[in-house]
Amino acid sequence: MKKIIRKSHLPLSVLFLFLLHLPFGFAKSLPENIAEAKPSVPISTGTPMNTEMRNEVIYDSLQLDTLGLSKQAFIEASKGYQYLRSEGKLNNDEVLSIVDFSLPSSEKRLFVIDMANLKVLYNTYVAHGRNSGREYARHFSNSPKSNMSSIGFFITQGTYFGEHGLSLRLEGEEKGINDNAASRAIVVHCADYVNEKMAKTLGYIGRSLGCPALSKKYAKPIIQTIKDGSCFFVYSPSEKYKSQSSLLKQAS
């Protein structure tokens, strides 16, 4: 009789553990400013884990899959962020920005993450260069007047007021991949063509001359959050980039 009782409790314990690890929310579309979001699974600092394991735990605990962020994009971004931080190149080292170009422009593919407190601060729309593609950014360049986006790791610089209002300079950290960003005037700025209505009506938003342009509503607060030395990573599921990026190789 005792053996039967123990067995009868096993399915209930398994069900309890399963329910315990379910995400609290299932909706992919969340508010663009989600600074109050907190990890669903606490990360124990007492548990020994390597960098790759920790990155996966952070990705799962922040439920980034429900927001659409590719796990590979987050892992690559985290590796580069940690490398740049260890090299002393990040003055604003608590924030990591990821543009996930595996997603179409009709989806919210900019993710601004507070890596110190493990919060997603912003998840919103971002434009790509007009010659990089329409719905998807699939073609990239480091060349002047290409009107294409550049991928890889950037470090944010200072701000200025230009024709698009408050703008944020970007310094490309990868030679031959994005190191012409400054001379190409690749900056974060606002644009009328970055808006949800256009995304839902056309299936894509407007395109820039290569800049990661944001909506008027969120450009200023995001720029103020990530300016002055934070890591800004533009991801593409490109095998060519992985093979050419010396920074990724050094970070691995």
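Values below: all heavy atoms of this structure, side chains included; hydrogens, waters and symmetry mates excluded. This structure is a prediction, so every number in the text was calculated from the model and none was measured. Position 1 is the first residue of the sequence, and the numbers go up from there.
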If we only count heavy atoms from C-beta on, is the [X] to [Y] side-chain gap below 4.5 Å?
X: Val112; Y: Leu110; result: yes
X: Lys217; Y: Glu196; result: no
X: Asn178; Y: Phe140; result: no

With Ile113, the side chain to side chain contact (heavy atoms under 4.5 Å, CB included) member among Val95, Ile98, Ile58: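 Option passing the side chain to side chain contact (heavy atoms under 4.5 Å, CB included) with Ile113: Ile98.
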Residue from Ile222, Asp114, Ile226 passing side chain to side chain contact (heavy atoms under 4.5 Å, CB included) with Tyr122: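 The side chain to side chain contact (heavy atoms under 4.5 Å, CB included) with Tyr122 is passed solely by Ile222 among Ile222, Asp114, Ile226.
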Over 12 non-hydrogen atoms of neighbours within 6.0 angstrom of NZ in Lys216: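 Counting other residues, nucleotides and ligands, NZ of Lys216 stays at 12 neighbours or fewer.
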Lys175, NZ atom: more than 12 neighbouring heavy atoms under 6.0 Å: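 Check fails, neighbour count at 12 or below.
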Passing candidate, side chain to side chain donor-acceptor pair (under 3.5 Å) with Asn55, options Lys79, Glu76, Gln82: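 The single option meeting the side chain to side chain donor-acceptor pair (under 3.5 Å) with Asn55 is Gln82.
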Ile151 and Val234: CA distance, side-chain angles, deciding distance, side chain to side chain contact (heavy atoms under 4.5 Å, CB included) verdict: CA-CA 5 Å; Ile151 55 179; Val234 182; 4.0 Å; yes
What distance separates [X] [atom1] from [Y] [atom2], expressed to the nearest 0.5 Å?
X: Arg85; Y: Cys231; atom1: CZ; atom2: SG; answer: 11.5 Å
X: Glu173; Y: Ser245; atom1: CD; atom2: OG; answer: 11.0 Å
X: Tyr218; Y: Asn123; atom1: OH; atom2: CG; answer: 10.0 Å
X: Ile177; Y: Phe153; atom1: CD1; atom2: CZ; answer: 10.5 Å
X: Ile155; Y: Asn91; atom1: CD1; atom2: CG; answer: 8.5 Å
X: Ile75; Y: Tyr235; atom1: CD1; atom2: OH; answer: 9.5 Å

Shared hydrophobic cluster for Val99 and Met115 (ILVMFWY, side-chain gaps under 4.5 Å):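 Yes; tracing contacts between hydrophobic side chains, which count when under 4.5 Å, links both residues.
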Single-linkage hydrophobic cluster Met198~Tyr204, side-chain heavy atoms < 4.5 angstrom: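 Met198 and Tyr204: one cluster.
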Nearest heavy-atom neighbours spanning [X] and [Y]:
X: Tyr83; Y: Ala251; result: CB-CB, 3.7 Å
X: Tyr125; Y: Ser105; result: CD2-O, 3.7 Å
X: Ser132; Y: His139; result: OG-O, 2.6 Å
X: Ala73; Y: Phe233; result: O-CE2, 3.8 Å
X: Arg134; Y: Arg207; result: CA-NH1, 3.9 Å
X: Asp179; Y: Gly176; result: OD1-N, 3.0 Å

Per-pair distances, 0.1 Å, donor-acceptor, side chain in residues 162-171, under 3.5 Å, sequence neighbours excluded:
from   : atom 1 : to     : atom 2 : distance (Å)
Ser167 : OG     : Gly165 : O      : 3.1

Distance-only polar pair, side chains of Ser146 and Arg184, donor-acceptor under 3.5 Å: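 Present: a donor and an acceptor within the cut-off.
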Pairwise salt bridge (Lys or Arg N to Asp or Glu O under 4.0 Å) hits with a residue in residues 219-231, at least two apart: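 Residue pairs passing salt bridge (Lys or Arg N to Asp or Glu O under 4.0 Å), neighbours aside: none found.
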